[in-house]
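Please read the structure below before turning to the comments.
Each chain gets a letter, A, B and so on, in the order the sequences are listed, and its residues count up from 1.
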Number of protein chains: 2
Amino acid sequence: MLDRIDLQLLRLLQQDGRLSTVELAQQVGLSASPCARRLKRLEGEGHIQGYRAILAREKLGLGITVFVNVRLSQHKEALVEAFEQAVSAMGELISCHTVSGTYDYLLEVVVPDLPAYEQWVRRLQSLAMVNDINSHFAIRAVKVMGPLPI
Amino acid sequence: MLDRIDLQLLRLLQQDGRLSTVELAQQVGLSASPCARRLKRLEGEGHIQGYRAILAREKLGLGITVFVNVRLSQHKEALVEAFEQAVSAMGELISCHTVSGTYDYLLEVVVPDLPAYEQWVRRLQSLAMVNDINSHFAIRAVKVMGPLPI
DNA sequence: CGTGAAAAGATACACAA
DNA sequence: TTGTGTATCTTTTCACG
């Protein structure tokens, strides 16, 4: 499905999402048109889901990152869906996975300050199916949004 | 520092990092040149750290995401730095924070399969200053890399 | 996959408001 | 600071070898 060159293109675009077809072409040792063809294919097949600017959290006043473990009181389909829909709609939540172990979910929340976090937790607690919440504050980021290992 | 329009630009670029100056301009109700100036400023001041393509993990054979809690045996400056440098160099690690609570670190690791994860854990365990490791597998992603709330 | 050419689009800059 | 206009450069697209 994907050959060396495709992977190279993906790697390059993961580093710099604004590289043009021409720039990519010379970096992978191709000419522009086959490179453009590959690009379109990679996008069309969904290997590339999109492009985005990476913003500086702290500079934007988003100094607090919190990892939050959540356990639900029940696991009825309807409640699970309601929970996921509710948290997905929260802008402060940038990541949410169901996980193995003691808790059901691991959330990552980004807020400007502690009062904002308290407010957010209140909203989370107000969800009826939420049984237990355990917060871990990020003290320092060692590595953030690293590139996928491809 | 940042006015409404700047924030709008950042929001738009967070959704689509390939929008051109002209497209951005009409979306925020500006003409091209002031929009380009703002863009350059936002990039120059570091509000925009870069641009990248968002890739589909599963399609690329990276089906396993694991959240790993790590506790060190000591917290001497040198050991801490050695640990952080070692894990930062691991491609499978896409995120690493020091966190409050029982553990010192929370890592996010992406690998193709369980054998690859076992291998990775072995490498982690081989670091002398690592005292305790606790893995939580991501069973399902509810929300991944959501936009920052700006 | 490569080449070449044509068309479209983007950027940069000077100047006016 | 923004808007307009222009000139330049780049990119994209496509037909064909």
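- Under a 4.5 Å side-chain heavy-atom cut-off, the cluster of Ile, Leu, Val, Met, Phe, Trp and Tyr residues that includes A:I139 has no other member.
- The residue B:R41 sits apart from the nucleic acid: no heavy atom pair falls under 4.0 Å.
- Under the rule for a side chain to side chain donor-acceptor pair (under 3.5 Å), the partners of A:E43 that lie at least two apart in sequence or sit in another chain are A:Y51.
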What would the secondary structure line of DNA chain C be in dot-bracket form, counting Watson-Crick and G-U wobble pairs under 3.5 Å, with [ ] for pairs that cross earlier ones and | for pairs with another strand? .||||||||||||||||
Would you tabulate the side-chain donor-acceptor contacts of residues 53-66 of chain B under 3.5 Å, counting partners in other chains and residues two or more places apart, or write 'none'?
residue, atom, partner, partner atom, Å
B:R57, NH1, B:T65, OG1, 3.1
B:K59, NZ, A:E45, O, 2.5

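- Residue pairs meeting the ring pair (Phe, Tyr, Trp, His ring centres under 6.0 Å) criterion with at least one partner in residues 126-147 of chain B, sequence neighbours excluded, are B:Y117-B:F137.
- A search for side chain to side chain donor-acceptor pair (under 3.5 Å) contacts involving A:D104 returns A:H75, not counting sequence neighbours.
- For A:H47, the ring pair (Phe, Tyr, Trp, His ring centres under 6.0 Å) test picks out no residue, with sequence neighbours left out.
- A salt bridge (Lys or Arg N to Asp or Glu O under 4.0 Å) check over residues 131-142 of chain A, counting only residues at least two apart or in different chains, returns the pairs A:R71-A:D132, A:R140-B:E84.
- By the ring pair (Phe, Tyr, Trp, His ring centres under 6.0 Å) test, A:Y103 is found to be paired with no residue, residues two or more places apart in sequence or in another chain being considered.
- Applying the side chain to side chain contact (heavy atoms under 4.5 Å, CB included) criterion to A:L127, with sequence neighbours excluded, gives A:F83, A:A86, A:V87, A:L124, A:M129, A:V130.
- Contacts between chain B and DNA chain D, taken as any atom within less than 4.0 angstrom of a protein heavy atom, begin and end at D:dT2 to D:dT4.
- In this structure, A:D16 contributes its side chain and A:L13 its backbone to no donor-acceptor pair below 3.5 Å.
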One character per nucleotide, please: for nucleotides 9-17 of chain C, 5' to 3', B when the base has a protein heavy atom closer than 4.0 Å, S when only the sugar-phosphate does, - otherwise. -SB-B----
